[in-house]
There are 2 protein chains.
Amino acid sequence: MAAMDLSLQQLRGFVAVAEELHYGRAAQRLNLTQPPLTRQIQGLERTLDVRLFDRTGRGVRLTAAGGVFLEHARRVLALLEVAPEATRRAADGTTGTLRLAFTAIGAYAVLADFLTMVGKRTPGVTAELTELVSPAQFEALANLEIDVGLVRPPIPAQFESLLVHSEDLVLAVPTSHPLALGDRAVSLVDVTDDYIGYSPEGSQYLHDICAAMIGMDRYAVSQLASQVPTMLALVRAGLGCALIPRSIMAMGVEGVRYRELDAADAHSVTLHACWSPDNPNPALQRLAESLRLDPHLAT
Amino acid sequence: MAAMDLSLQQLRGFVAVAEELHYGRAAQRLNLTQPPLTRQIQGLERTLDVRLFDRTGRGVRLTAAGGVFLEHARRVLALLEVAPEATRRAADGTTGTLRLAFTAIGAYAVLADFLTMVGKRTPGVTAELTELVSPAQFEALANLEIDVGLVRPPIPAQFESLLVHSEDLVLAVPTSHPLALGDRAVSLVDVTDDYIGYSPEGSQYLHDICAAMIGMDRYAVSQLASQVPTMLALVRAGLGCALIPRSIMAMGVEGVRYRELDAADAHSVTLHACWSPDNPNPALQRLAESLRLDPHLAT
DNA sequence: TGGCGGCCATGCAAGCACGGTATCGGTCCA
DNA sequence: TGGACCGATACCGTGCTTGCATGGCCGCCA
């Protein structure tokens, strides 16, 4: 016998009796009669193998152990009290977590603005950040490992998306390069040496655009160079020029200069917020709903 | 409908399913069959008005809300897990609180030593301290407002007690007094002026002893002077001498000198730890038990 | 000091909630 | 397309818990 464990009825009964120090009143408070209460406390005492009350004939008094148990019981009941509300808030997206991925380049362009926008549209939601290249983001989105990605096109049809940022490309040249001098916009035809290229796997979008802009013959693909810092290091070393999103100019590298491109050669690249409509995360649902109603990012 | 509230069965069932992500295995873990588990989760979802699992046909998956509720459920169950043990420890006095009172004089003599002794005999028990004159301590002991008192005799028969400290009295004289000079022990017959006396209410024990030592005729009773600092202030002001427990010499007062008394006049006063055998505080019971077995305070 | 009232404990019968067995319905895979 | 797996449902039995009535104990008061 004994081994029987605690029940919430017992806890509630105990707290009521401990507060009233009177079975009758406690029972009344619980909309109960007195005998069940007596049995609840007896059951508790049998289970715990501890006397919780001193029966003095005229009312009861908490024992020291009873006082300790009272604190535990109150904490349990208080926790249980808030749990449903917290759960409901998580269910409707009022609170929650948004797992957000971004590309290394995206981080420079819009990550901060995007996060403040998310903070305004879904207050109470916290963001978890991961850096991933675009293809990995699509996979993670499909596997529900992330909720939102900041990706470059093309975007698979299964996802919903929103244009977040658009910028043109600029030319990065070594300071030793003839084009390093001057401030005017330059034309791609002025570039006589090779380019540092984007990896077609890691940065398919930029690879394709750059390849189209300058032709495959002069486009030196470096497998390593899907990371912009790496590309700038190669430019700096004099291995060639590179076409870089304008926002990356914020990253100043000694030995590298940036030049605008002629309007004729300018080509804009875009960054999109992207998510799966099937994703059950309520925080995402709430954000997506908000974005559908008002796609203006400034809001 | 709905209003029904949570049960621990439901919580345990939910946690099991959330961990196994499989009703059958969860049921097995709980020594249950699968249908009751289904009903428990359904009941939870109905009560919370929230979907906790996504049923995918092939197993289940936690929703975001389910994840939040899982944390709450785990915390509740963990609390409930430790409550019985904590309660039992409080019941056998392994942990708990000892409300301890002491006289102002007692604080100088033995409070620190007594506290370290208590700490050694009943580790895990914390002490709450109050300063009270002896009569107030006896009343508080009887009302179960304190657990242990450090008092002077006489001790009412209803209490259990233990001699904690014994010391003799010394003479406090103003530095302007003839007896302030010299280092030899002095005799009470050398004292030609009045004494500052103890209040018969606040310090009955010291009052009686001093009155017996020097005779009522030269014993100026000051109602205020049950507090030793007050008495020393009066001595310093030159209103008379005073008989003071030796431990108080630790309190140096400018304008007051202490002189030993002749062996013939020396009279020791005692301090006793005192408690009520009826006090149900298990921490006290444990201490009392320890003191009965081994009354040596040094232990 | 004996009766009385308040309070907690107990006996008993009824209601109900919970668990088990059997079965259904949907999804995935061969 | 049939079989296997998994969760949901129907139905039944049992055991716990409740409420009513009553017992036992202590303290109060006349």
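Naming convention: chains lettered A, B, ... in sequence-line order (proteins, then strands); numbering from 1 in each chain.
Residues meeting the side-chain contact (heavy atoms from CB on, under 4.5 Å) test with B:Leu162, sequence neighbours left out: B:Trp275, B:Leu291, B:Pro295, B:Leu297. Checked against side-chain hydrogen bond (donor to acceptor under 3.5 Å, both in side chains), A:Gln285 has no partners two or more places apart in sequence or in another chain. Applying the side-chain hydrogen bond (donor to acceptor under 3.5 Å, both in side chains) test to B:Ser290 and every residue at least two apart in sequence or in another chain returns B:Arg121. Scored by the side-chain contact (heavy atoms from CB on, under 4.5 Å) test, A:Pro135 finds A:Val133 as partners (sequence neighbours excluded). By the side-chain hydrogen bond (donor to acceptor under 3.5 Å, both in side chains) test, A:Arg39 pairs with no residue at all, sequence neighbours left out.
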What pairs of donor and acceptor atoms, side-chain ones from residues 91-106 of chain A against any protein atom, are under 3.5 angstrom apart with sequence neighbours left out?
{"from": "A:Asp92", "atom 1": "OD1", "to": "A:Thr94", "atom 2": "N", "distance (Å)": "2.8"}
{"from": "A:Asp92", "atom 1": "OD1", "to": "A:Thr94", "atom 2": "OG1", "distance (Å)": "2.4"}
{"from": "A:Asp92", "atom 1": "OD2", "to": "A:Thr94", "atom 2": "OG1", "distance (Å)": "3.3"}
{"from": "A:Arg99", "atom 1": "NE", "to": "A:Asp147", "atom 2": "OD2", "distance (Å)": "3.1"}
{"from": "A:Arg99", "atom 1": "NH1", "to": "A:Leu144", "atom 2": "O", "distance (Å)": "3.1"}
{"from": "A:Arg99", "atom 1": "NH1", "to": "A:Glu145", "atom 2": "O", "distance (Å)": "3.4"}
{"from": "A:Arg99", "atom 1": "NH2", "to": "A:Leu144", "atom 2": "O", "distance (Å)": "3.0"}
{"from": "A:Arg99", "atom 1": "NH2", "to": "A:Asp147", "atom 2": "OD1", "distance (Å)": "2.9"}
{"from": "A:Thr103", "atom 1": "OG1", "to": "A:Gly106", "atom 2": "N", "distance (Å)": "2.9"}

What side-chain donor-acceptor pairs closer than 3.5 Å can you find for residues 71-87 of chain A, not counting sequence neighbours?
{"from": "A:Arg74", "atom 1": "NE", "to": "A:Glu19", "atom 2": "OE2", "distance (Å)": "3.2"}
{"from": "A:Arg74", "atom 1": "NH2", "to": "A:Glu19", "atom 2": "OE2", "distance (Å)": "3.0"}
{"from": "A:Thr87", "atom 1": "OG1", "to": "A:Ala83", "atom 2": "O", "distance (Å)": "2.7"}

Pair up each side-chain donor or acceptor in residues 6-17 of chain B with any protein partner under 3.5 Å, not counting sequence neighbours, and list the distances.
{"from": "B:Ser7", "atom 1": "OG", "to": "B:Gln9", "atom 2": "N", "distance (Å)": "3.4"}
{"from": "B:Ser7", "atom 1": "OG", "to": "B:Gln10", "atom 2": "N", "distance (Å)": "3.1"}
{"from": "B:Gln10", "atom 1": "OE1", "to": "B:Ser7", "atom 2": "N", "distance (Å)": "3.0"}

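Two end axes, each from the C1' atoms of five base pairs, can be drawn for the helix from C:dT1-D:dA30 to C:dA30-D:dT1; they diverge by 20°, to 10 degrees.
Within residues 9-18 of chain B, no residue places a heavy atom under 4.0 Å from DNA chain C. Within residues 23-32 of chain A, the residues having any heavy atom closer than 4.0 Å to DNA chain D are, in order of number, A:Leu32.
Between A:Pro35 and B:Gln34, the residue anchored nearer the 5' end of DNA chain D, judged by the nucleotide with its closest heavy atom, is B:Gln34.
Pairs passing the ring pair (Phe, Tyr, Trp, His ring centres under 6.0 Å) check and including a residue from residues 135-161 of chain A, sequence neighbours excluded, read A:Phe138-A:Phe159.
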